[in-house]
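These notes concern the structure reproduced below.
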Amino acid sequence: MTTTTQAAATQAATTQAAQSERETVLTVTDLVVSYYTDAGRAKALDKVNLTLKAGEKIGLVGESGSGKSTMALAMMRMIKAPGRIEAGNVVVGDIDLMSLSDKDMLQARLSQIAYIPQGAMNSLNPVTRIGSQLVDAMKAHTKDVSKEEMKERAIAALESVELKPEVFKMYAHELSGGMKQRVCIAIGILLEPKVIIADEPTSALDVVTQRQVMETINRIQEQIGAAVILIGHDMGLMAQSMDKVAVMYAGRLVEVSTVREMFTDPKHPYSQALIRSLPKLEEKGVFEGIPGMAPSLLRLPNGCAFHPRCRDVMDHCKTTRPENQVLTGGRRVTCHLYAEENEKAVA
Amino acid sequence: QEVADIPREDTLHLGWSLTSPIGTTNPWLAGYTHQQGEALQWEPLSYFGIFTDKEIPWLADSMEYTKDDFTELVIKLNPMAKWSDGVSVTSRDVVFTFEGQKNIGTLPYNAAFNQFMESVEAVDDLTVKLTFNQPAPRFKFEVLTLKFDTGIPIVPAHVLEAVEEVSEFEGGADMPHSGPYSIVSWDVNQKVYDLREDWWAVEAGRIDTPDVKRVVYFNIGGQVGQGMDIVAQRVVNSELDSALDMRSSVIDNIIANNPKVTTHSGDQPPYGYLDWWPNSLWMNTQLAPYDDARVRRAMSLVINRGLINDFVYEGAEIATIYPFPLYPGLQAFVDSPAVKALEEELQPGLYDPDASAALMEEAGFTMNRDDLWEKDGETVDATILGFEGIHSDIVPILVEMLRNGGFDSDVSFVQDAYQQMGDGVAGLYMFGHGASLKDPYAALELYHSRFSAANGTSAGGNRFSRYINPEYDAILDEMAPLSDDDPRFQELAAEALGIYWSEQIDIPIIQWLHRIPYNQTNWTNWPTTANPAMGTNGAFWAHTGMLVITNLEAAE
Amino acid sequence: MAPLLEFKNVSKIYNPGKDETVALDNLSFTLKEEEPTILTVAGESGSGKTTLAMLLLGFISATHGQILYKGKDIDNLRGKEKVAFRKEVQAVFQDPFAVFNPFYTVDHLLEVPINRFKIASNKHEAREKMNEALTAVGLQPDEILGRYPHQLSGGQRQRINIARALIMRPKILIADEPVSMVDASLRANILETLQVLQKDYGVSIIYITHDLTTAFHIADSIMVLYRGSVMEAGGVDEVIKTPQHPYTQLLVDSIPWPDLNRRWGQTDLVPSEDSVIGTGCKFYSRCPHAMDVCKSRPGLFQLEPYQTASCYLYKDKPELKTEALSSVLPV
Amino acid sequence: MSLKYIGQRILYLFLVVWAASTITFFIPRLSSRNPVRERFAELARMGGFAPADLEKIIADYSRAFGLDKPLFQQYFDYLAGIARFDLGVSLNLYPKTVAMLLWESLPWTIGLLIVTTILAFVIGNLLGALSAWPQTPNWIRGFATSFVMLQGVPPVLLAILLIFFIGFKLKLAPLGGVYSIGTIPEFSLSFILNLLWHQMLPALALIFGSLGGWVLSMRGMGVTIQGEDYVTYAEHKGLGARTIFRDYYLRNALLPQVTGFALALGNVVVNAIVVESIFGLPGVGSVLFAAIRSNDFLVIYGIVLFITMGVATLMIIVELLYPLLDPRIKHT
Amino acid sequence: MSSVSLNQNLIKRPGRLVLLGRYLRRNPSLTIGLAIMLGLTIFTVYGLLTINPKDAYPLAVRPQQPPSWKYPLGTDFFGRDLYPAMVIGLWQTAIIGLFAGALGTIVGTVLGFLSAYFGGILDKTISTICQILIPIPAFLIHVIIAGAIDKRSVTILTMAFVVFMLAWMGPTLVIRAQVLTMKERQFVSVAKLSGMNSFGIIFREILPNLLPFIAAAFVNQVFQAVFASLYLSVVGLGPLREPLLGNTLWSAQSQAAFFNGWWWWPIGPTVALALILASLALINMGIDELANPRIRTSE
Ligand SMILES: Nc1ncnc2c1ncn2[C@@H]1O[C@H](COP(=O)(O)OP(=O)(O)OP(=O)(O)O)[C@@H](O)[C@H]1O
Ligand SMILES: Nc1ncnc2c1ncn2[C@@H]1O[C@H](COP(=O)(O)OP(=O)(O)OP(=O)(O)O)[C@@H](O)[C@H]1O
Ligand SMILES: [Mg+2]
Ligand SMILES: [Mg+2]
């Protein structure tokens, strides 16, 4: 596999161009999820909105505990007690997942919306062969497909993630971490879903393997034209392989922008701090962290959740929660700083 | 082999514990027991009907002492007697049996034959002469007659002569035998015996053709196996026609649940008949504190025999003051004026805690803080050794009585109880006297110092007392050559009993009862008080069980 | 004077025999007390980084070679010397949660060394030391102390770890991937703390990572390991800006820079799982430049004053003795 | 699987048997009891009298059993006997050998024990797994918990209660025994049905006796497995609950339980001892119970050894089967 | 230093008791188990304070009486009042259980620690011995040991000791396995770096974390001990005069109590044993949850 810069660049250009005509495959509206713990209710997602078009790749970043995995699980309708999806809709294609029966939701998983887990290391059943773990996923979703055909399709999926057909007969412990992660990708694309969510697929891997896995995801995604949500907190990874970035802070999406905008002109103060904290080749030995610590979801500060750490804090930030603003160019920010600008734009 | 179908009406089901190895029938095999159906195959020269106090001639037509000093015995065999293979039972078999007993160390009467038998001789095919080296007035009864669990059967010479090591020869199911039943099926669960059409005793007119065509010994696992309650339930359900002996409350309930079940005493307590095994609290009279007759007596004085009858026997008078069972001969003995007078004087059954306390104080004991007698800082070790299967009802009661009297008592049903008794470790032993049946000699002889092994050695033959008293020995020695119908014998016996009581050699507690349920749903004519039949006891497992079974009649 | 720390031809072989793993292969380097430095040990998973840390801490023994601390073999330290070694060689580990005993509050982590090494003479002084160290790593003592580890964020936990190291005033600190499990936004804080430790407290730091970005920012020198052997070593600037060894090139190329102008993935990837080590260059099976000569193991060739690579591409350059590796590591 | 591994396992088996035989040999000899004498004394008691020269006979027999030799000589003879699978002679049922006793009683026990142990294993593990499985309806969970509580009723009690109430009062089952009294054993359907009919209550008592243990341990295991990523991921794959339960959850949770299976057989024997005797089944348990109560020491040791050997062998067999169940395990 | 820690809003946590209450509500098996245990304890303690111990032995009261106000649990064939008999029986059973359980657990824990922590030849020896002894059915060895002891000196404590003799291998192996994983945990390495010696590491770092496992092992041991004591009673090995639950039960059985309609005699000890064992099983189930970090949802 050869991915030259040029090829990548042209491809990026074409996707960019094609995007506007593409259909919307994912619409998340006002998603609210809470965990009910001993210490009280933790609102892990607070009215989250997101739309994705086919073939679009979005990175979801944010501090640990900000609700990234929760959002992924909520979209899969896999939130378990003590968590609860309290409001909102998730529409994939034209299916409203929240209104599906449990049985239909089973069908929708993997075939409409697939999830590539964070800990691929432990996500494969240690006692059955890899092949059967692909086949049983197919079996659960398709009828009248012969055994041979399923096997063929499974092997094809393995090959598409650059695994040898022999892997079909192997066990998880015989594979390296990167290979396991790619098996999970193979499972994820088996039924060509419209949306693929990958939850930190590479954070446990070293850089070389990480790159290999990301290249695989990108290539496959282009082949089947699915939308991808990549969860992580590595901004480098986002810069290198995503189209858009969504920044999450304390259960809210505080900014959604294209990668370029994010890196050149971040809007939300938290995004700005995030970008500032990134190490740059030019400025060796200069570190700039984000002061303070992530707030507990159990007891968010009044007003804007970020205000205790914000450089540009204003008085009403401490009392009033900012609303989601759509800026020119479709960027979305949740910050009082842009309320005026936005009003102007609307006017 | 093909086993015939025999209907339940013609079959007798007996619940008993089966332990003999499959295929072992030879009575001379080491480890042989007659209790598991073997008695249906092996017959003696004569049986004894205990309740009629009568001898029942069997293979022998007669057995007579031919000398006044009881040194010669002539046996005449029944000419019709035959082994199951058609060979006649002759003097050769008897001589073979006697000589075998004398020569083979593992046989149970080896010692008796060695002690008394001078010679045995076949006078002709049907006559045997037995010569003794000393007066043996009780040899015929004790050894040659089968009753309860003692005596010897006659074995087939033509079979065993050919065998090299008789004590290791199993015999097998087909071993020729003289008894009425042959074994046809045998596994660990049951033994099935079928009636033999050609049993000699019918032709010989000893008995009518038996109604019972088949006997099933069903393995209930014995005292260590299925609980008595479950066996009782099976008797109620008529799955079993008879079974092992039981406690009176259980019999009570069996009869309440199934009125067709009866016992030796019908549906009235004590539901059984007297066994030959009255139980005493034995102790080693050579070991302190039991070497002090006052202590022994003091213990007896705290035993409340009336309470025992109430607690364990629902009021039936089972507690006893004698070391022997009151069978007709012995009843006559204890009813004699001499014994009555002794009893009046010595009060062996007295319950008097105060008198007990006085004796203990006299013996140098003081009451400690736990209300226990103590001397030199030691309480009286009055742990009662016994056998759980048969003593678990009575011993706990005795323990509490002794405790209340200040003796440091406890229950111990250890497996090596018998060994400890034999070894004479200090303590009390609940155990029986399997000795006298007709006259008191055998029971009284238990305390002869001839048998009183020194401490540290083992006391054989249930002679746990290790009692030594030359005066007592003299009385016994004088009795030995006398027949029981000799007045001098009776006089001496009373004297000996007086010493037994006054010295409190052991503490007689209870007579032993066999309370055996008889289910009359299928079979009647069980031996009872009202119907002594041939006068034998009703235990089908005893030597005389064959007579019980062959006398049964099918129910209407 | 003997150097503070000296690795002398150290090898570590796990399960010697048929399926042995050579986790570290004939490694030599020195650290001097008077020149506190930050040395990065980099390499992909399984390259022997943690093994090196464990050897240095004396938790495992070398199969061959010697590790000298102030001139004494650390396996033979006894009594006072041993106590001193324990105190002076400290570590910060990768997983900021696992180092806390869940049974205790976080105070335990700080109290134990204070008590054990008699760093403070009384409770009050101990408390003061703790406060001081926590403040130094940017934590508010009264907010942190008395809490259980799960009640703190990953960054806070990691900083407590560093505070612990601070209290001990070690001479050498081994930081085994101290930021790989920490949020991106906290990374900066922690790395900064480490840097302060070296600069202000004169601690030599061995910084273990597979992330060359952070290595570049914090370290003075770097050593790139591959399957237990040094592939390339030298100053961070030299090695990361102009990597010479094909393996280092691959590593550097695989860094996802948060920079839209740098594109990712110039070099081809050869899946690592296929590679077998023979007697030749360990990177042979994955190397785009593999040559016949690579079937024998290359030595270290000196490229620059502060750069050396173990690769036959540079066989014309002067060869450097293994023992002299430290000479190309700037401080 | 290497030769070395097999060698090790054989050595292990050997050590287990050696340890068991050493324990059984020496512990009783710490006391001063003489089992041969006890046996004869018992015989004498049963017959109501004893031969006068009991001592001589005892000496003869002691010699025959080798009890007069020095202790270590006895010990080595004993070990040598075991090596030849000669487990000695029953004192109580002389001349039956221990091997004969086992041979007679094993068939009655094996059927019952194997069937009940397997049933208890299967049902118990299923219930345990279900009770840890979040989707399980509450009534099943309650059911499973009630079996854990049922463990509190020792099988000996259960046996008594079952016989009295179900057998005697309700007349729904036979009152013990292996087959109806008086039936002549033969190979026929009616006889086999008769056999099975009689095994019902004892089987129930034994199953209830060990079910709870399985429920308990499987539940613990299940909870651990259920938190594993691969189970969650299986849900992400959209698999049905049944498939996940069977292929992902149960299969993994079952692995450690299988090791317990062999060990459980050893414990089941303890229950079997009393259950068999209460039901009057002539199995190994009854033989052992009788031997314990009559101190038939060679029989006790023989059976202890036999059971130990059986358990250890089973453990090894299970271990050998392990790689089939869990591909991660390889025997080297 | 650029980072400024802002005072984080401290979350108010509910009090310990409230948390415990909530925990128990979430862990019904532990709650029910503890409740039963508590009930039994109260019954026993109250009983011990009020009964006349003599009534628990034969000839004390009228025999064969069904339960009444005077005899709440009836009386038996021997004239024991079954209520005091039950109180004393529970007490003695508790002694055996606790003694054997505690001893087995302590020895097992110590050996498990020694074995796992120091490894090497010691570990080899201990674990091999355990593995060799494990397949030997403990109960049968109990029988052999109990059979070899002079019965007259058998007391409740000797009985407990016999039970203990083979009760230590289980905990040894469990604790060993736990220590093995525990000692690989990083906080152990850190403790070493902090200058802690082996002793300190074992007792201060590892042991506290194993408490749930030790508790579970203990409960399991007590369970085994109570069971073993029952079976030893059943086969007639033990202090027979004492009203141990097993003894009462077995003497009821050998007097054919059910058949004779004395149902109250065996029912008492049956229920008591069932309650003890069931509560132990439930507590075990509950502790299991505690010991298993995956389900330990909250602190
Ligand atoms: N099962 C649960 N019970 C209670 N709270 C939970 C649960 N799962 C998550 N949370 C809480 O919800 C919030 C969001 O968690 P989530 O896992 O979505 O974060 P994340 O952004 O994925 O973090 P990370 O980067 O560490 O994976 C956190 O505060 C977390 O503590
Ligand atoms: N205790 C051990 N026994 C056997 N092999 C081991 C052991 N510890 C490590 N290894 C092996 O030694 C090699 C080096 O391991 P090491 O942990 O030092 O690597 P690393 O560079 O720290 O990797 P990572 O980045 O994954 O932490 C690996 O192949 C590993 O599998
Ligand atoms: Mg997450
Ligand atoms: Mg590592």
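Values in this document were obtained by computation on a predicted structure and should not be read as measured data. Just so we're on the same page: letters track the sequence lines, and every chain starts at 1.
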side-chain contact (heavy atoms from CB on, under 4.5 Å) for D:Phe168 and B:Asp229? Distances and angles first, verdict last. CA-CA 10 Å; D:Phe168 184 63; B:Asp229 52 342; over 6 Å; no

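Heavy atoms closer than 4.5 Å to chain D are found in the side chain of B:Arg214, but not in its backbone. Looking at D:Ser105, there are no atoms closer than 4.5 Å to chain B (heavy atoms on both sides), in backbone or side chain. Neither the backbone nor the side chain of D:Pro174 comes within contact range of chain B; no heavy atoms are under 4.5 Å apart.
To the nearest 0.5 Å, atoms CG (B:Asn189) and CG (D:Leu281) are separated by 8.5 Å. Here OG of D:Ser286 is found 8.5 Å from CG of B:Asn219. Values are rounded to the nearest 0.5 Å. Distance check, rounded to the nearest 0.5 Å: CZ of D:Phe164 to CD1 of B:Ile230 gives 10.5 Å.
Proximity of D:Pro282 to B:Gln190: side-chain heavy atoms (C-beta onward) are nowhere separated by under 4.5 Å. Residues B:Gln233 and D:Ile163 form a side-chain contact, since some pair of their non-hydrogen atoms from C-beta on lies under 4.5 Å apart.
Of all the heavy atoms in D:Ile181 and B:Leu240, the pair that sits closest is CD1-CD2, 3.5 Å. Across every non-hydrogen atom of D:Leu175 and B:Arg234, the tightest pair is O-NH1, 3.1 Å.
Ranked by heavy-atom pairs under 4.5 Å with chain D, the first of B:Ile22, B:Asn114, B:Thr11, B:Asn257 is B:Ile22. Chosen from B:Ile6, B:Val192, B:Asp187, the residue pairing most often with chain D at heavy-atom distances under 4.5 Å is B:Asp187.
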